[in-house]
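Since the structure comes first, as structure tokens, the remarks are kept for the end.
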There are 2 protein chains.
Amino acid sequence: MLSLHQLRCFLATYEQGSLTAAAEELGYAQPSVSEQIRGLEQTLGVQLFRRVGRGVIPTTVADTLRPHAERTLAAAEGTRLAAQQVRRIETGTIRFGMFGVARLYAGADLVADVLERHPGVRVELIGQNSSEVHEDLRRGRLEAAMIAMPSVTSEGMEVRPVARDEVVYVSADPTHLERPVTARRLAEAQLVMPDTSWRHDDSVRTLLRQMLHGTGLNPTTRIEVEDPEIAVELMGRGYGDTVLPRGAAEVLLPRLAPHAGYVSLRPRLYDYFAVVHRAGAVLSPAAQLMIELATARIQRIAEPL
Amino acid sequence: MLSLHQLRCFLATYEQGSLTAAAEELGYAQPSVSEQIRGLEQTLGVQLFRRVGRGVIPTTVADTLRPHAERTLAAAEGTRLAAQQVRRIETGTIRFGMFGVARLYAGADLVADVLERHPGVRVELIGQNSSEVHEDLRRGRLEAAMIAMPSVTSEGMEVRPVARDEVVYVSADPTHLERPVTARRLAEAQLVMPDTSWRHDDSVRTLLRQMLHGTGLNPTTRIEVEDPEIAVELMGRGYGDTVLPRGAAEVLLPRLAPHAGYVSLRPRLYDYFAVVHRAGAVLSPAAQLMIELATARIQRIAEPL
DNA sequence: GTGAAAGCATAGGCAGATCCTTGGGATGAC
DNA sequence: GTCATCCCAAGGATCTGCCTATGCTTTCAC
């Protein structure tokens with residue numbers, strides 16, 4: 001079987017014109033190189049050098065094969081080099097999970113932070129929602145992620161909360177914002193809620209369900225949409241109120257519903273942001289980098305823990 | 001140390017998405033492939049697959065390295081293929097030794113014969129003279145050759161005569177050609193001799209020296225030139241006679257000295273053509289081919305043995 | 001929920017490859 | 001002729017590669 005080691009010995013011998021010199025260059029004893037050359041000649045079925053008493057002389061076959069051997073070794077070196085560069089995060093792809101609203105807060109800045117420090121890399125910010133990210137983590141498609149809690153159960157996952165953001169009641173009607181909103185008021189509200197497809201996993205929905213659980217009530221969602229932007233815009237036009245993490249409200253309201261405001265719930269509810277990865281996993285440098293940068297960004301918007 | 005085997009296992013695993021499937025494709029047991037992957041990850045210092053209970057998932061590092069691994073394996077395959085082609089004489093260089101007058105007889109036809117059968121090869125017909133060829137053989141720079149005998153001693157060489165050519169006396173003066181030329185007549189002649197630089201090794205000169213040895217005489221060389229063509233042309237203009245192998249005379253006279261003729265020496269002298277290579281050498285297919293074709297060509301011009 | 005199947009890791013053992021040292025033969029320089 | 005150089009050959013130590021057997025985790029079907 002052809003091996004890189006054989007090719008290295010071949011090239012050294014060809015260039016040095018001597019097995020002894022080649023062995024010295026490669027740091028081996030002379031018989032070892034001799035054996036490699038013999039093995040190469042046997043696997044290829046050709047004679048590469050004529051042994052002529054003292055010294056060896058390359059045959060025309062050796063002349064022909066030399067550029068091929070050089071190409072092969074160069075390609076192998078390229079492989080090694082590419083791995084080195086990836087290891088130093090000079091190149092390659094960084095894939096990181098981040099669900100909807102966290103990405104809304106910090107996504108663009110996070111990518112900018114990464115590219116600032118590592119201009120050569122590709123960045124993939126994966127995940128429409130928290131539970132999809134969770135599934136990707138579990139299946140190994142993602143190494144680490146920033147998710148919102150409480151969410152689906154996290155068996156086999158290591159979850160480290162890094163920040164929390166209050167969940168607030170948002171309305172374009174000032175009379176709805178005069179006092180903190182209780183469970184009873186919430187149950188009576190007409191709501192425009194985003195993230196319809198994920199309503200069973202979404203952390204804000206989960207919080208609201210927990211809040212109303214003791215009262216036997218359910219919030220009325222008058223309108224269900226996918227995008228928080230659409231929900232906010234509809235809320236601004238008076239089609240209903242909505243419930244959002246405060247960070248999202250502060251990002252979206254000035255742009256989409258300048259006349260709307262928000263107020264706390266009573267009791268206050270909090271959405272937690274956490275770093276998640278498989279329990280017991282050794283994180284790559286790239287994942288550690290993403291975790292560090294994402295945490296820093298989230299903590300500039302939400303409340304650090 | 002990086003190895004082709006590791007890269008083969010890596011690619012098979014990447015494409016199959018499973019160590020077990022890769023092992024089956026490669027014809028190994030699963031733990032063997034597993035070990036190779038682990039070794040590759042260790043030598044490169046990166047994680048290529050995430051082990052996730054059932055199955056493995058390639059990391060983004062694996063995505064990045066895959067094309068490099070493919071290039072490397074393709075280059076290695078190219079090396080193997082090139083060797084195969086050389087072995088079948090489909091490509092590569094054929095180097096063969098042939099000294100002056102033999103090349104004059106058969107050189108162009110020999111090259112044509114080779115290219116007819118093996119259109120992809122390069123051909124090198126090496127050697128200004130017999131003794132240079134001999135030295136190249138001894139040093140290993142040439143594998144085999146066609147030389148003229150008697151020449152320098154052939155210790156360590158295997159010499160197989162394949163044809164002989166009579167050495168004849170050539171003159172533009174018909175009176176010189178009426179009878180076979182004896183040693184006495186030869187010693188009195190004014191000669192124009194080619195191959196000046198090699199006069200001590202040249203086989204025709206050696207024959208003449210042997211012929212005159214018993215008489216205590218030396219041939220008078222009025223003019224010494226390098227090329228047989230020049231010698232024949234000067235002879236044709238009457239500046240002297242010359243001595244040549246008959247094959248050379250028949251090639252050169254019609255073109256360069258149409259009024260000249262030739263006659264035998266007494267006793268007759270013969271130049272022998274022989275195939276030569278290092279004693280005990282195993283000849284490559286290319287060398288065997290050249291020997292076969294060169295022998296056939298020489299035997300169509302000179303007298304086969 | 002439970003058992004069966006799939007897939008990877010680990011452990012132990014065997015065969016072959018790799019590498020070294022020592023010694024012998026051929027060649028070339030003086 | 002003598003010595004130095006350079007290759008091959010042989011023997012032994014170590015390492016690598018590969019196998020089988022086994023255990024653990026995840027996945028899937030009932």
Side-chain angles (χ1 to χ4, degrees), chain A residues 1-10 12-14 16-43 47-58 134-141 153 155-157 278-282, chain B residues 1-10 12-14 16-43 47-59 134-141 155-157 278-282:
Chain A
M1 191 70 80
L2 185 67
S3 80
L4 293 174
H5 189 196
Q6 289 173 334
L7 296 182
R8 268 188 288 270
C9 290
F10 165 60
T13 304
Y14 188 98
Q16 299 282 341
S18 145
L19 293 174
T20 302
E24 185 158 352
E25 178 190 324
L26 296 171
Y28 295 123
Q30 171 266 319
S32 303
V33 177
S34 177
E35 191 175 350
Q36 292 302 317
I37 298 293
R38 201 173 328 124
L40 181 59
E41 288 181 328
Q42 194 169 346
T43 58
Q47 188 178 14
L48 297 171
F49 298 95
R50 264 190 289 281
R51 280 70 167 177
V52 44
R54 179 165 171 163
V56 291
I57 300 287
H134 194 274
E135 181 68 5
D136 282 349
L137 283 166
R138 207 176 55 81
R139 302 249 179 177
R141 289 195 292 263
T153 56
E155 184 133 352
M157 290 293 159
R278 294 173 64 87
V282 178
Chain B
M1 192 68 81
L2 184 67
S3 80
L4 294 173
H5 190 196
Q6 289 172 334
L7 297 182
R8 269 188 288 270
C9 289
F10 165 61
T13 304
Y14 188 98
Q16 299 282 342
S18 146
L19 293 175
T20 303
E24 185 158 352
E25 177 190 323
L26 296 170
Y28 295 124
Q30 169 264 318
S32 304
V33 177
S34 178
E35 188 177 349
Q36 292 301 317
I37 298 292
R38 199 173 330 123
L40 181 58
E41 288 180 328
Q42 193 170 347
T43 59
Q47 188 178 15
L48 296 171
F49 298 95
R50 265 190 289 281
R51 278 73 166 176
V52 44
R54 181 164 168 162
V56 292
I57 301 286
T59 63
H134 194 274
E135 180 68 6
D136 282 349
L137 283 166
R138 206 176 55 81
R139 302 247 179 177
R141 289 195 292 264
E155 184 132 355
M157 290 293 158
R278 294 174 65 85
V282 178

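Chain naming here is simple, since letters A, B, ... match the order of the sequence lines and numbering starts at 1 in each.
- Every residue was checked against the side chain to side chain donor-acceptor pair (under 3.5 Å) condition with Arg8(A), not counting sequence neighbours, and none meets it.
- Residues forming a salt bridge (charged side-chain N to carboxylate O under 4.0 Å, His left out) with Arg278(B) (at least two apart in sequence, or on another chain): none.
- Taking Ala279(B) as the reference, nothing meets the side-chain contact (heavy atoms from CB on, under 4.5 Å) condition, with sequence neighbours excluded.
- Between the CZ atom in Phe10(A) and the CZ atom in Phe49(A) there is a gap of 5.0 Å [rounded to 0.5 Å].
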Would you mind building the protein contact string for nucleotides 1-13 of chain C? One character per nucleotide, 5' to 3', B for base within reach (heavy atoms under 4.0 Å), S for sugar-phosphate only, - for untouched. ----BSSBBB---
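- Rounded to whole angstrom, the span from the CD1 atom of Ile57(A) across to the P atom of dT27(C) amounts to 13 Å.
- Considering only heavy atoms from C-beta on, Glu25(B) comes within 4.5 Å of Gln16(B) through its side chain.
- Shown here are the salt bridge (charged side-chain N to carboxylate O under 4.0 Å, His left out) partners of Arg141(A), two or more places apart in sequence or in another chain: Asp136(A).
- Between Leu40(A) atom CG and dT18(C) atom P the separation is 11 Å, expressed in whole Å.
- Rounding to the nearest 0.5 Å places CG of Leu4(B) at 3.5 Å from CG of Leu4(A).
- For Gln47(B), there are no side chain to side chain donor-acceptor pair (under 3.5 Å) partners at least two apart in sequence or on another chain.
- By the salt bridge (charged side-chain N to carboxylate O under 4.0 Å, His left out) test, Arg50(B) pairs with Glu143(A), sequence neighbours left out.
- Only at 4.0 angstrom or more do the heavy atoms of residues 1-10 of chain A sit from any atom of DNA chain D, so none qualifies.
- In this structure, the side chain of Thr59(B) engages the main chain of Leu48(B) through a donor-acceptor pair within 3.5 Å.
- Computed from coordinates, the Glu24(A) CD to dC20(C) C1' distance equals 16 Å when rounded to whole Å.
- For the helix from dG1(C)-dC30(D) to dC30(C)-dG1(D), the end axes, each set by the C1' atoms of five terminal pairs, are bent relative to each other by 30° (nearest 10°).
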Can you give each donor-acceptor pair under 3.5 Å made by side-chain atoms of residues 26-39 of chain B, sequence neighbours left out, with the distance rounded to 0.1 Å?
residue: Ser34(B); atom: OG; partner: Arg38(B); partner atom: NH2; Å: 3.4

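- Mapping heavy-atom proximity under 4.0 Å, the span of DNA chain D touched by chain B runs 5' to 3' from dG17(D) to dT27(D).
- For Arg138(A), the salt bridge (charged side-chain N to carboxylate O under 4.0 Å, His left out) partners are Glu135(A), not counting sequence neighbours.
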